[in-house]
**Student:** 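Input: one structure, supplied below.
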Amino acid sequence: MMNNLEIFNSFCGQSSKMVTQKYSTSFYKASSLFHPEIRQHIYNIYGFVRLADEIVDTFHDYDKVRLMTEFESSYESARENCISLNPILHSFCVTQREQKIPQHLVDAFLTSMKMDLGEIKDLNDEKYNEYIYGSAEVVGLMCLKVFVNGNVEEYEKLKPYAQSLGAAFQKINFLRDISADFNDLNRTYFPGVDFENFTHIDKLEIENDIAKDFAHAKIGIKMLPMSSKLAVFMAYKYYFNLFKKIKKTETKQLLTKRIRVSNARKMYLFGEMILNKNLNLL
């Protein structure tokens, strides 16, 4: 029989799971491929980063700076006191403690989120790389801490591959969301690119950079433990399919619509992954 704290922890974990399910059906589907022992930790990480991302990207009718300040303050309190009545923050802090997620990763993530509260225009290479690291690479590293279950040697070995995968995902998100970022949010993430005169050459250079990230990341995916390999490879395949669609899309079209992978294609990829799992092909 669970005691009261265990009941509360379970409730908070279910809240993070619900956030994952409601905000990303694709990721939630892929997460079913994680081993049950690590699945809840991934939900907890996703819930935390999703709430912060929602503050900076969608809560336009509210004071985003105040909301982010309160979010960060509430997180600090949850971390210091080992409890929070905010179920998403509580469950994330449980994962951070149990999986020994370094504080500098969380700090880097929050720094990038706060960058989105200001003007994201004309980033130089240094600021661009800083943003990519904090908004995406560190999320991959948080998950990697869960995947290796405390094995420091494995973490250090797989760390650069996890960063490459996170970077590839984020850069694809930038390309996919150019229309909303540029036209609605007045954001231009890619250094040296004028989206008033976005050319095929500009697009090709970005795609070549992403292809390098993907090629490097795939090496690391093959080295992951089976408890996480299938789910990460599923996410890789989804984003790689999205990448292929973007590559086939005319430059001008990217500025007017958001490119998606169809639900039918997602289901096919998931079915293919299950088949590979059952045939021990991965």
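Just so it is clear, the values below take in all heavy atoms, side chains as well, and ignore hydrogens, waters and symmetry mates.
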**Student:** With a 4.5 Å cut-off on side-chain heavy atoms, are Phe169 and Val139 touching?
**Tutor:**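 No, too far: nothing below the 4.5 Å cut-off.
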
**Student:** Out of curiosity, does Leu117 fall in the hydrophobic cluster containing Tyr62 (side-chain heavy atoms, cut-off under 4.5 Å, transitive links)?
**Tutor:**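 Looking at the clustering, Leu117 is in the same group as Tyr62.
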
**Student:** Could you work out, with side chain to side chain contact (heavy atoms under 4.5 Å, CB included) as the rule, every residue matching Asn9, not counting sequence neighbours?
**Tutor:**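 Per chain and number, Asn9 pairs via side chain to side chain contact (heavy atoms under 4.5 Å, CB included) with Leu5, His90, Val94.
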
**Student:** Is the number of heavy atoms from other residues, nucleotides or ligands under 6.0 Å of Met115 CE greater than 12?
**Tutor:**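 Counting other residues, nucleotides and ligands, CE of Met115 exceeds 12 neighbours.
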
**Student:** Does a sphere of radius 6.0 Å around NZ in Lys218 hold more than 12 heavy atoms from other residues, nucleotides or ligands, not counting ones at 6.0 Å or beyond?
**Tutor:**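 Check fails, neighbour count at 12 or below.
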
**Student:** Measuring from atom OG1 of Thr20 to atom CE of Met18, what distance do you get when rounded to the nearest 0.5 angstrom?
**Tutor:**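 Rounded to the nearest 0.5 Å, the OG1-CE separation comes out at 10.5 Å.
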
**Student:** So Met142 and Phe92, do their side chains get closer than 4.5 Å, heavy atoms only?
**Tutor:**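 Counting from C-beta outward, Phe92 and Met142 do come under 4.5 Å.
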
**Student:** Tyr131 and Tyr128: aromatic ring centres closer than 6.0 Å?
**Tutor:**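 Aromatic pair excluded; centres sit 6.0 Å or further apart.
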
**Student:** Heavy-atom count check: over 12 atoms from other residues, nucleotides or ligands less than 6.0 Å from Glu126 CD?
**Tutor:**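 12 or below, so no.
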
**Student:** List for me each residue that meets side-chain hydrogen bond (donor to acceptor under 3.5 Å, both in side chains) alongside Ser26, sequence neighbours excluded, and say none if there are none.
**Tutor:**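 Ser26 satisfies side-chain hydrogen bond (donor to acceptor under 3.5 Å, both in side chains) with Lys266 only.
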
**Student:** Does Leu254 form a side-chain contact (heavy atoms from CB on, under 4.5 Å) with Ile246? I'd like the steps, not just the answer.
**Tutor:** CA-CA 8 Å; Leu254 285 180; Ile246 288 173; 4.2 Å; yes

**Student:** I'd like to know if Phe59 and Val56 are part of one continuous hydrophobic network [Ile/Leu/Val/Met/Phe/Trp/Tyr, side-chain heavy atoms within less than 4.5 Å].
**Tutor:**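 Per the 4.5 Å side-chain linkage, Val56 and Phe59 are co-clustered.
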
**Student:** For a side-chain contact (heavy atoms from CB on, under 4.5 Å) check, start with the C-alpha distance between Glu6 and Ser10, then their side-chain angles and the critical distance, and finish with the verdict.
**Tutor:** CA-CA 6 Å; Glu6 289 171 334; Ser10 176; over 6 Å; no

**Student:** Find out if a path of hydrophobic residues (ILVMFWY) with successive side-chain heavy-atom gaps under 4.5 Å connects Met226 to Leu33.
**Tutor:**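 Yes, Met226 connects to Leu33 through the hydrophobic network.
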
**Student:** I'd like to know if the side chain of Lys17 and the backbone of Arg39 have a donor-acceptor N/O pair within less than 3.5 Å.
**Tutor:**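 No.
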
**Student:** Listed by chain and number, what are the side-chain hydrogen bond (donor to acceptor under 3.5 Å, both in side chains) partners of Asn149, not counting sequence neighbours?
**Tutor:**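 Counting only residues at least two positions away or on another chain, Asn149 forms no side-chain hydrogen bond (donor to acceptor under 3.5 Å, both in side chains).
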
**Student:** Walk me through whether Tyr75 and Ser84 qualify under side-chain contact (heavy atoms from CB on, under 4.5 Å).
**Tutor:** CA-CA 8 Å; Tyr75 160 68; Ser84 174; over 6 Å; no

**Student:** Is there side-chain contact between Gln103 and Gln96, with at least one heavy-atom pair below 4.5 Å?
**Tutor:**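 Yes - at least one pair of side-chain heavy atoms lies under 4.5 Å apart.
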
**Student:** What about Leu204 and Leu175, same hydrophobic cluster or not, with Ile/Leu/Val/Met/Phe/Trp/Tyr joined at side-chain heavy-atom distances under 4.5 Å?
**Tutor:**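 Cluster IDs for Leu204 and Leu175 differ.
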
**Student:** Find out if a path of hydrophobic residues (ILVMFWY) with successive side-chain heavy-atom gaps under 4.5 Å connects Phe11 to Ile88.
**Tutor:**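 Per the 4.5 Å side-chain linkage, Phe11 and Ile88 are not co-clustered.
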
**Student:** Is it true that a side-chain atom of Asp53 and a backbone atom of Val49 form a donor plus acceptor pair closer than 3.5 Å?
**Tutor:**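 No, the answer is negative, given that no donor and acceptor are paired below the 3.5 Å cut-off.
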
**Student:** For Ser179, enumerate each residue passing the side chain to side chain contact (heavy atoms under 4.5 Å, CB included) test, keeping only those at least two apart in sequence or located in another chain.
**Tutor:**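 Side chain to side chain contact (heavy atoms under 4.5 Å, CB included) list for Ser179, sorted by chain: Asn183.
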
**Student:** Quick one: CD on Glu54 to CE on Met113, what's the gap to the nearest 0.5 Å?
**Tutor:**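 These two atoms lie 11.0 Å from each other.
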
**Student:** Under 3.5 Å, side chain of Lys229 to main-chain N/O of Met223, donor-acceptor pair present?
**Tutor:**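 It does not hold such a pair.
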
**Student:** Counting N and O atoms only, with roles assigned by atom type, does the side chain of Ser112 sit under 3.5 Å from a partner on the main chain of Phe109, one being a donor and the other an acceptor?
**Tutor:**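 Between the backbone of Phe109 and the side chain of Ser112 there is no qualifying donor-acceptor contact (under 3.5 Å).
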
**Student:** Could I get the full list of side-chain hydrogen bond (donor to acceptor under 3.5 Å, both in side chains) partners for Lys159, not counting sequence neighbours?
**Tutor:**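 Per chain and number, Lys159 pairs via side-chain hydrogen bond (donor to acceptor under 3.5 Å, both in side chains) with no residue.
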
**Student:** Can you see which heavy atom on Ala52 is nearest to which on Met68, and at what distance?
**Tutor:**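 For Ala52 versus Met68, the nearest heavy atoms are O-CE, 3.7 Å.
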
**Student:** Which residue pairs satisfy the ring pair (Phe, Tyr, Trp, His ring centres under 6.0 Å) criterion with at least one member in residues 134-161, sequence neighbours excluded?
**Tutor:**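 Qualifying pairs: Phe34-Phe147, Tyr161-His216.
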
**Student:** In chain order, what residues pass the side chain to side chain contact (heavy atoms under 4.5 Å, CB included) check against Asp181, with sequence neighbours excluded?
**Tutor:**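 By the side chain to side chain contact (heavy atoms under 4.5 Å, CB included) rule, Asp181 matches Asp177, Leu185, Arg187, Tyr189.
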
**Student:** Can you find a pair of side-chain heavy atoms, one from Lys245 and one from Lys248, that are under 4.5 Å apart?
**Tutor:**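 Of all side-chain heavy-atom pairs linking Lys248 with Lys245, none is under 4.5 Å.
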
**Student:** Could you grab the distance from atom CD of Glu76 to atom CG of Leu110, nearest 0.5 Å is fine?
**Tutor:**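 With rounding to 0.5 Å, CD (Glu76) is 8.0 Å from CG (Leu110).
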
**Student:** Which heavy-atom pair separates Asn44 from Ser91 by the least distance, and what is that distance?
**Tutor:**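 Distance-wise, the nearest heavy atoms are ND2-O, 3.2 Å.
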
**Student:** Is there side-chain contact between Ile45 and Thr95, with heavy atoms separated by less than 4.5 Å?
**Tutor:**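 Yes, at least one pair of side-chain atoms sits under 4.5 Å.
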
**Student:** Do you know the tightest heavy-atom contact between Arg50 and Val19?
**Tutor:**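 Looks like CG-CG1, 3.8 Å.
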
**Student:** Check which hydrophobic residues are tied to Tyr43 through side-chain heavy-atom contacts below 4.5 Å, counting indirect links as well, and list them.
**Tutor:**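 Tyr28, listed by chain and number.
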
**Student:** For the atom pair SG (Cys93) and CD1 (Ile101), what is the distance rounded to the nearest 0.5 Å?
**Tutor:**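 Output value for this atom pair is 10.0 Å.
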
**Student:** Please enumerate all residues that pass side-chain hydrogen bond (donor to acceptor under 3.5 Å, both in side chains) together with Lys157, with sequence neighbours excluded.
**Tutor:**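 Lys157: side-chain hydrogen bond (donor to acceptor under 3.5 Å, both in side chains) contacts with Glu154.
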
**Student:** Phe27 vs Tyr46 aromatic rings, parallel, tilted or perpendicular, using cut-offs 30° and 60°?
**Tutor:**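 If you compare the ring of Phe27 with that of Tyr46, the planes turn out parallel.
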
**Student:** Are any of the side-chain heavy atoms of Thr199 and Asp194 separated by less than 4.5 Å?
**Tutor:**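 Contact flag for Thr199/Asp194 side chains = no.
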
**Student:** Measure the CZ-CG distance between Phe190 and Asp202 for me, rounded to the nearest 0.5 Å.
**Tutor:**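 The CZ atom of Phe190 sits 10.5 Å away from the CG atom of Asp202.
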
**Student:** Between Asp209 and Lys212, does any side-chain N to carboxylate O distance fall below 4.0 Å?
**Tutor:**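 Salt bridge: no.
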
**Student:** If you draw a 6.0 Å radius around CG in Leu85, do more than 12 non-hydrogen atoms from other residues or ligands fall strictly inside?
**Tutor:**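 No, the 6.0 Å shell around CG holds no more than 12 heavy atoms from other groups.
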
**Student:** Enter the distance from Leu144:CG to Leu158:CG here, rounded to the nearest 0.5 Å.
**Tutor:**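 If I round to the nearest 0.5 Å, the distance is 5.5 Å.
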
**Student:** Between Ser77 (side chain only) and Ser73 (backbone N and O only), is there a donor and an acceptor less than 3.5 Å apart?
**Tutor:**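 Side chain of Ser77 to backbone of Ser73: no pair is present.
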
**Student:** Pairs in or reaching into residues 240-265: which pass ring pair (Phe, Tyr, Trp, His ring centres under 6.0 Å), with residues at least two apart or in two chains?
**Tutor:**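 Residue pairs passing ring pair (Phe, Tyr, Trp, His ring centres under 6.0 Å), neighbours aside: Phe214-Phe240, Phe214-Phe243, Tyr236-Phe240.
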
**Student:** If you compare all heavy atoms of Asn124 against all heavy atoms of Lys127, which two are closest, and at what distance to 0.1 Å?
**Tutor:**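 Residues Asn124 and Lys127, closest heavy atoms: OD1-N, 2.7 Å.
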
**Student:** Okay, side chain of Gln40, backbone of Gly13: is any donor-acceptor separation there less than 3.5 Å?
**Tutor:**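 Side chain of Gln40 to backbone of Gly13: a pair is present.
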
**Student:** Can you find a pair of side-chain heavy atoms, one from Ser74 and one from Leu89, that are under 4.5 Å apart?
**Tutor:**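 They are in side-chain contact.
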
**Student:** Could you give all pairs that pass the side chain to side chain donor-acceptor pair (under 3.5 Å) test and reach residues 133-144, with sequence neighbours left out?
**Tutor:**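 As it turns out, the side chain to side chain donor-acceptor pair (under 3.5 Å) pairs with a partner in residues 133-144, which skip direct neighbours, are Ser135-Gln170, Glu137-Gln163.
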
**Student:** With sequence neighbours excluded, tell me which residues meet side chain to side chain contact (heavy atoms under 4.5 Å, CB included) with Asn4.
**Tutor:**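 Asn4: side chain to side chain contact (heavy atoms under 4.5 Å, CB included) contacts with Ile7.
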
**Student:** Ring centroid separation for Phe48 and Phe71, is it under 6.0 angstrom?
**Tutor:**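 Yes, the ring of Phe48 comes within the 6.0 Å limit of the ring of Phe71, centre to centre.
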
**Student:** Indicate the atoms forming the closest heavy-atom contact of Arg176 with Tyr239, along with that distance.
**Tutor:**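 Reported closest heavy-atom pair: NH1-OH, 4.4 Å.
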
**Student:** When you compare the side chain of Lys145 with that of Pro102, does any pair of heavy atoms fall below 4.5 Å?
**Tutor:**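 The answer is yes, as the side chains (C-beta and beyond) meet within the 4.5 Å cut-off.
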
**Student:** Check Ile38 against Ser228 and note the closest heavy-atom contact, atom names and distance.
**Tutor:**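 Scanning both residues, the minimum pair turns out to be CD1-CB, 3.9 Å.
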
